[in-house]
Participant: 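Below: one structure in C-alpha cells.
Start at 1 and go down the list; that is how both ligands and their atoms are numbered.
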Amino acid sequence: MHDKMALRIVQNGLITLKDCVVEEKDRLEHANSFKDTAKVLRMTRAGVAWLAVGCARGAYENALQYTTKRKQFGKPIASFQLIQNHLVEMLSNLTAMQTMVYRLSELQDLGQLQDEHASIAKVFCSLRTRDVVSRAREVMGGNGILLEYNVARFVADAEAIYSYEGTKEINSLIVGRAITGFSAFV
Ligand SMILES: Cc1cc2nc3c(=O)[nH]c(=O)nc-3n(C[C@H](O)[C@H](O)[C@H](O)COP(=O)(O)OP(=O)(O)OC[C@H]3O[C@@H](n4cnc5c(N)ncnc54)[C@H](O)[C@@H]3O)c2cc1C
C-alpha cells in the first residue's frame with residue numbers, strides 16, 4: 001500500500017486468500033480457532049499500547065526542548081504560564097500511560113494477562129497519545145507542521161496507532177464485556 005500518511009516505515013499489504021486449502025501438515029501447532037488468534041492479538045495489542053507511549057514521549061520531549069529554546073516577547077516560550085500548562089498536561093498523560101503499560105508487562109510476566117487488560121491499555125494509551133501529540137504540535141506553532149521538528153511525524157503516527165490492533169470501539173467492547181458480563185458484539 002502506498003501514499004500512507006502515517007507509520008510510513010511499516011510495509012502494509014492487502015492479502016486476499018481465495019480457494020485456499022491448507023494441508024493438515026502445514027497447520028500451525030495449537031492454531032485451532034479464532035480464540036488462538038486472539039491470544040496473539042492480546043500480546044501484539046499490549047505492544048501497541050507501549051508503542052503509543054513511545055510516540056507520546058517522543059512528542060513531549062521534542063516539544064519541551066523546543067519551548068525552552070524558542071523565544072517570543074524576549075523570553076523562552078517555556079516561561080509562559082499557558083505553555084507550561086500544556087507541558088504539564090502532556091507529562092501527566094505520559095506518566096499515567098507509562099504506569100499502565102508497566103503494570104501490563106508485570107501481568108504478562110506473571111502469566112495473568114487477559115484480553116481486557118491489553119484492550120484497556122491500548123484504548124487508554126492511544127487516546128492519551130492523541131492528546132499529547134496535539135499539544136506538542138500546538139506549542140510549536142507553525143514549526144509544528146514541519147517534518148524537520150519531528151513532532152509532525154508523531155502526530156501522523158498517533159492516528160495509525162489509534163486505529164490498528166483494534167479500534168477504540170472494538171477494544172472498548174472487549175473491556176465492556178469483561179466488566180459487565182454482557183457481550184455487545186452479538
Ligand atoms: C498501520 C496499520 C497496520 C495494520 N496492520 C495490520 C495487520 O498486520 N494485520 C491485519 O489484519 N490488519 C492490519 N491493519 C488493519 C487494522 O487492523 C484495521 O484497519 C482496523 O482493525 C480497523 O478495521 P477497518 O479499517 O476495517 O475499519 P472498519 O471495521 O470499517 O471500522 C470503521 C469504524 O467503524 C467502527 N466500527 C466497526 N464495527 C463497529 C461496531 N460493531 N460497533 C461500533 N463501531 C464499530 C470502527 O471502530 C471504526 O471506528 C493495519 C492497519 C494499519 C493502519
Participant: Do the side chains of Arg128 and Asp131 get nearer than 4.5 Å, heavy atoms only?
Facilitator: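 Asp131 vs Arg128: side chains touch.
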Participant: Counting non-hydrogen protein atoms only, what is the nearest one to atom 39 (C) of ligand 1? Give residue, atom name and distance.
Facilitator: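 Minimum-distance protein heavy atom for atom 39 (C) of ligand 1 reads Ile170 CD1, 4.0 Å.
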Participant: Hey, is atom 10 (C) of ligand 1 under 4.0 Å from any protein heavy atom?
Facilitator: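 Under the 4.0 Å cut-off, atom 10 (C) of ligand 1 has no protein heavy-atom neighbours at all.
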Participant: Kindly state each residue pair satisfying side chain to side chain donor-acceptor pair (under 3.5 Å) with at least one member in residues 96-107, sequence neighbours excluded.
Facilitator: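 Listed once each, the pairs are Trp50-Ser105, Arg103-Glu106.
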Participant: Does any non-hydrogen side-chain atom of Leu51 lie less than 4.5 Å from one of Tyr164?
Facilitator: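 The answer is yes, as the side chains (C-beta and beyond) meet within the 4.5 Å cut-off.
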Participant: Please indicate, with yes or no, if any protein heavy atom is found under 4.0 Å from atom 27 (O) of ligand 1?
Facilitator: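 Answer no: nothing from the protein, no heavy atom, is under 4.0 Å.
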Participant: As a test of the contact definition, would atom 4 (C) of ligand 1 count as having a protein heavy-atom neighbour under 4.0 Å?
Facilitator: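 Flag for atom 4 (C) of ligand 1 set to true, protein heavy atom closer than 4.0 Å.
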Participant: Who passes side-chain hydrogen bond (donor to acceptor under 3.5 Å, both in side chains) against Tyr149, sequence neighbours left out?
Facilitator: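 Applying side-chain hydrogen bond (donor to acceptor under 3.5 Å, both in side chains) to Tyr149 gives none.
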Participant: Determine, counting only non-hydrogen atoms of the protein, whether one lies under 4.0 angstrom from atom 1 (C) of ligand 1.
Facilitator: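 Looking at atom 1 (C) of ligand 1, one finds that a protein heavy atom does lie closer than 4.0 Å.
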Participant: Check whether any protein heavy atom sits under 4.0 Å from atom 32 (C) of ligand 1.
Facilitator: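 Protein heavy atom within 4.0 Å of atom 32 (C) of ligand 1: absent.
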Participant: Could an N or O of ligand 1 be found under 3.5 Å from any N or O of Lys4, whether backbone or side chain?
Facilitator: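 Min N/O separation from ligand 1 is not below 3.5 Å for Lys4.
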Participant: Less than 4.0 Å from atom 44 (N) of ligand 1, is there any heavy atom belonging to the protein?
Facilitator: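 At least one protein heavy atom is under 4.0 Å away.
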Participant: So is there a nitrogen or oxygen of Glu169 less than 3.5 Å from a nitrogen or oxygen in ligand 1?
Facilitator: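 Yes; the residue has a nitrogen or oxygen that sits under 3.5 Å from a nitrogen or oxygen of the ligand.
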Participant: Any protein heavy atom under 4.0 Å from atom 7 (C) of ligand 1?
Facilitator: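 So atom 7 (C) of ligand 1 lacks protein heavy-atom neighbours under 4.0 Å.
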Participant: For atom 17 (O) of ligand 1, what is the nearest protein heavy atom, given as residue, atom name and distance?
Facilitator: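 The closest one turns out to be Glu165 N, 4.0 Å.
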Participant: In terms of residue, atom name and distance, what is the protein heavy atom nearest to atom 53 (C) of ligand 1?
Facilitator: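 So the nearest neighbour among protein heavy atoms is Tyr164 CB, 4.1 Å.
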Participant: Using a 4.0 Å heavy-atom cut-off, which part of Ser163 comes near ligand 1: side chain, backbone, both, or neither?
Facilitator: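 Only the backbone of Ser163 comes within reach of ligand 1.
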Participant: Does the side chain of Val53 reach to within under 4.5 Å of the side chain of Leu94, using non-hydrogen atoms?
Facilitator: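 Counting from C-beta outward, Val53 and Leu94 do come under 4.5 Å.
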Participant: If you take all heavy atoms of Cys125 and Ala49, which pair is closest and at what distance?
Facilitator: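 Looks like CB-O, 3.8 Å.
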Participant: Charged N to carboxylate O below 4.0 Å: is that the case for Glu138 and Arg135?
Facilitator: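 The answer is no: the pair does not qualify as a salt bridge.
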Participant: Measure from NZ or CZ of Arg177 to the centre of the six-membered ring of Phe185, then state whether that distance is under 6.0 Å and the direction lies within 45° of the axis.
Facilitator: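 Checked: cation-pi criterion not met.
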Participant: How many angstroms lie between CD in Gln114 and OG in Ser119, if you round to the nearest 0.5 Å?
Facilitator: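 Result: 11.0 Å between the selected atoms.
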Participant: Could you check whether any side-chain heavy atom of Thr67 comes within less than 4.5 Å of a side-chain heavy atom of His86, counting everything from C-beta outward?
Facilitator: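 Result no, sub-4.5 Å side-chain heavy-atom pair not found.
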Participant: For ligand 1, which atoms have a heavy atom of Leu7 less than 4.0 angstrom away?
Facilitator: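 Reading through ligand 1 atom by atom, the close ones are 1 (C).
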Participant: Do any non-hydrogen protein atoms sit less than 4.0 Å from atom 20 (C) of ligand 1?
Facilitator: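 It does: a protein heavy atom is found less than 4.0 Å away from atom 20 (C) of ligand 1.
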Participant: Just let me know how Val10 lines up against ligand 1, side chain, backbone, both or neither, with a heavy-atom cut-off below 4.0 Å.
Facilitator: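 The answer is neither.
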Participant: Pick, from Thr167, Ile161, Val48, the option with the minimum heavy-atom distance to atom 46 (C) of ligand 1.
Facilitator: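 Going through Thr167, Ile161, Val48 one by one, Thr167 has the nearest heavy atom to atom 46 (C) of ligand 1.
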Participant: For atom 42 (N) of ligand 1, what's the nearest protein heavy atom and its distance?
Facilitator: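 Of the protein heavy atoms, Leu173 CD1, 4.4 Å lies nearest.
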Participant: Do side-chain atoms of Lys122 reach the backbone of Asn171 as a donor and acceptor pair under 3.5 angstrom?
Facilitator: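 Side chain of Lys122 to backbone of Asn171, a donor-acceptor pair under 3.5 Å: no, none is there.
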